[in-house]
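What follows is a short report on a single structure.
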Amino acid sequence: MTLVRNRRFAWGFSRLAVVRRGVLVRLVAVGLAAAAVAFAVAFFVPWLPKPASKQAERIDFVFWFVTGISIAIFALVVAVILYSVLRFRARPDDDSDGAPIHGNTTLEIAWTAVPAVLVTAVAVVSAVALAENGHVPKHHMRVNVLAQQFAWSFSYPKYEGLTVSQLRLPLGEAVQLKMRSKDVIHSFWVPEFGQKQDLVPGIETNVVITPNRLGTYPVVCTELCGEGHALMRSEAVVMKPAAFAAWVKAQEKAAASASQGAAGGGAGLAAFNSNGCSACHTFKPAGSTATTGPDLDNLSAYARRAGKPLAAFVRESIVDPNAYIEKGYQPNIMPSTFKSLPKQQLDALVQFLSGAKK
Ligand code: CUA
């Protein structure tokens, strides 16, 4: 029975070239309906975030190019299958054989050549988008990205190494992120920027972003890098160029006054920022407001609870973070890599953190 159906199907299919006009109209109608459904699923479900960079727009274009082709093929297949199933199905009392046929050369050439052309087109469009996204424009700003378990830090060589835990970018200016990892493999991902880039210990990777939409977007680590992986997040803020310039000025001013005012001086603050402390901790003298780890403005209280002198407690908490865990926080989230900090840096950091407190 199956054989009979298949043969009838094949026979009917081979005659598609000479289908009557009425049938053709129905085929097209079914195809358009299928295309409409597929398009609705592709278009009205927000599969991708709204692009916020030139690079993301190119990726979006590739997405729609491929999706458009897929919708057209889907519509064609649905139309032909539905038509064949309905038109050539065997009646319950029909046990006769289908007509013997011997393929259809024209159809076979068509269904080989057309996909070959389409796949080539997809490859070319993708390659062009990839090449353009990898291109570093002559005028661009450089930002150094440092990843470590489990924090991001961003520094701006153009502004004397200004280092912050939140990425800020001026609208419309190409930015090259030069990325390094201190420990394991991490991956930089801002969904709205459309690109992901691994940060691999020992090599420098990079990605170019030209933000073209104002807003605040999540920076996500998208490579499982340890227990705190899910917490390894930050934000990318795209600002108007004037606002960005004002922010840079304010940061530089804050850094200057902190290095004069706070104990530990500039060295402590520099160590605090360059080691990514500001990515996880709130600490007023450093102007950081992150909330992944305990608020360092309350260090004296933590030291009292831990029953240790402040400076000793601060040092221990840096080199052996699991020795005392503040209530409401979890062990193994704070990196244990800081025990290898150069002594000078560690001393400055301890002084900065404990000295700023009364
Ligand atoms: Cu870093 Cu996941």
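As the structure lists them, so they are numbered: ligands from 1, and atoms in each ligand from 1.
- Using a distance-only test at 3.5 Å, with no hydrogens or angles considered, no donor-acceptor pair links the side chain of Asp183 to the main chain of Gln148.
- Taking the six-membered ring for Trp and thresholds of 30 and 60 degrees, Phe244 and Trp247 have ring planes inclined between 30 and 60 degrees apart.
- Neighbours of atom 1 (Cu) of ligand 1 restricted to protein N, O or S atoms under 2.8 Å: the count is 4.
- A distance of 8.0 Å separates OG of Ser84 from CG of Leu27, quoted to the nearest 0.5 Å.
- Between Tyr156 and Tyr159, the angle of the ring planes lies from 30° to 60°, which puts this pair in the tilted group.
- Put simply, the residue from Thr205, Thr222, Asp198, Leu167 that forms a side chain to side chain contact (heavy atoms under 4.5 Å, CB included) with Phe188 is Leu167.
- Ion pairing of Glu223 with Lys196 is absent here, as no side-chain N (NZ or NE/NH1/NH2) approaches a carboxylate O to less than 4.0 Å.
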